[in-house]
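To start, the structure under review is shown below, and the notes come after it.
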Amino acid sequence: MKKLLAIALIAASTTAFAGFSNTATTNTVSSSSGTTTVAQALQARDNSVVTLTGYIVSQVDHDEFYFKDNTGKIKVEIDDHVFNNQTVTRSDRITIRGKVDRDSHKANEVEVFELSKH
């Protein structure tokens with residue numbers, strides 16, 4: 001029983017260090033060909049799948065962030081498991097894949113289901 005508790009505590013502490021860290025100050029913005037731009041995602045239809053390359057620039061809530069490329073900024077929702085034990089800072093260029101959440105009362109957002117660092 002003690003071994004099982006120790007394993008659970010180690011697993012929980014390892015996961016606690018993954019996610020977004022707002023410690024870096026560099027924020028060079030770039031976009032790769034073959035990806036959707038933030039400007040396009042802001043105009044996309046509901047449930048459209050998009051691939052964006054850029055940077056997380058701020059954290060709004062536990063799982064909500066602002067993501068930016070050279071065409072604009074969009075709110076994204078990234079659940080803890082999507083970070084896959086990676087820590088992402090403002091200076092880390094990342095690619096995210098997700099689906100657009102379109103609501104007539106607010107700007108489009110993206111629900112992220114895949115994230116990779118460059």
Side-chain angles (χ1 to χ4, degrees):
M1 180 70 171
K2 288 182 182 180
K3 285 183 181 179
L4 187 58
L5 180 60
I7 291 170
L9 288 173
I10 291 170
S13 66
T14 303
T15 306
F17 292 108
F20 177 69
S21 173
N22 197 19
T23 58
T25 57
T26 306
N27 189 21
T28 306
V29 178
S30 177
S31 182
S32 298
S33 62
T35 61
T36 308
T37 66
V38 167
Q40 291 169 322
L42 287 167
Q43 299 300 317
R45 294 179 186 209
D46 192 35
N47 293 321
S48 297
V49 175
V50 295
T51 301
L52 304 168
T53 298
Y55 301 86
I56 294 177
V57 293
S58 63
Q59 185 168 6
V60 178
D61 200 352
H62 174 73
D63 63 352
E64 292 182 328
F65 307 87
Y66 277 107
F67 178 89
K68 184 174 182 175
D69 69 6
N70 62 353
T71 67
K73 183 168 74 169
I74 192 168
K75 189 185 281 187
V76 297
E77 179 184 327
I78 309 174
D79 291 332
D80 290 338
H81 72 275
V82 175
F83 281 102
N84 198 25
N85 293 323
Q86 299 178 89
T87 299
V88 176
T89 67
R90 293 176 55 131
S91 63
D92 291 321
R93 185 169 176 249
I94 62 171
T95 297
I96 57 176
R97 278 183 44 88
K99 68 175 186 167
V100 172
D101 182 15
R102 185 176 185 97
D103 184 336
S104 61
H105 302 293
K106 61 182 180 177
N108 281 4
E109 299 178 2
V110 175
E111 183 179 335
V112 177
F113 50 78
E114 185 179 317
L115 180 150
S116 59
K117 285 172 62 169
H118 295 266

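The model shown is predicted, which means the values in this text are computed figures rather than measured ones.
The two residues Q43 and R102 come nearest to each other via the heavy atoms O-NH1, 3.5 Å.
Clustering ILVMFWY residues whenever any of their side-chain heavy atoms sit less than 4.5 angstrom apart, transitively, puts V76 in a cluster other than the one holding F113.
At a threshold of 4.5 Å between non-hydrogen side-chain atoms, the residues E77 and E109 do not count as touching. Between Y55 and R93, some side-chain heavy-atom pair lies under the 4.5 Å cut-off.
Annotation: the span from T95 atom OG1 to H118 atom NE2 amounts to 2.5 Å, rounded to 0.5 Å. Considering CZ of R90 and CG of D92, their distance stands at 11.5 Å, rounded to 0.5 Å. Atom OG1 in T89 sits 6.5 Å away from atom NZ in K117 (nearest 0.5 Å). Here the straight-line distance linking atom NE2 of H62 with atom CG of D79 works out to 7.5 Å at 0.5 Å rounding. We find the CG-CD1 distance between L52 and I96 to be 4.5 Å, quoted to the nearest 0.5 Å. Residue N70 holds its CG atom at 10.5 Å from OG1 of T53, rounded to the nearest 0.5 Å.
Side-chain atoms of N84 do not come within 3.5 Å of backbone N or O of Q86 as any donor-acceptor pair. Looking only at distances, no side-chain donor or acceptor of N108 sits under 3.5 Å from a matching main-chain atom of V100. Side chain of D69 to main chain of V38: a donor-acceptor pair is present (N/O by atom type, distance under 3.5 Å, no hydrogens or angles). Remark: side-chain polar atoms of T71 are not paired, donor with acceptor, to backbone N or O of T37 under 3.5 angstrom.
Partners of N47 by side-chain contact (heavy atoms from CB on, under 4.5 Å), not counting sequence neighbours, listed by chain and number: K99. Partners of R97 under the side-chain hydrogen bond (donor to acceptor under 3.5 Å, both in side chains) rule, at least two apart in sequence or in another chain, are T51.
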(message) Evaluate V88 against I78 for side-chain contact (heavy atoms from CB on, under 4.5 Å), listing each step before the verdict.
(response) CA-CA 12 Å; V88 176; I78 309 174; over 6 Å; no

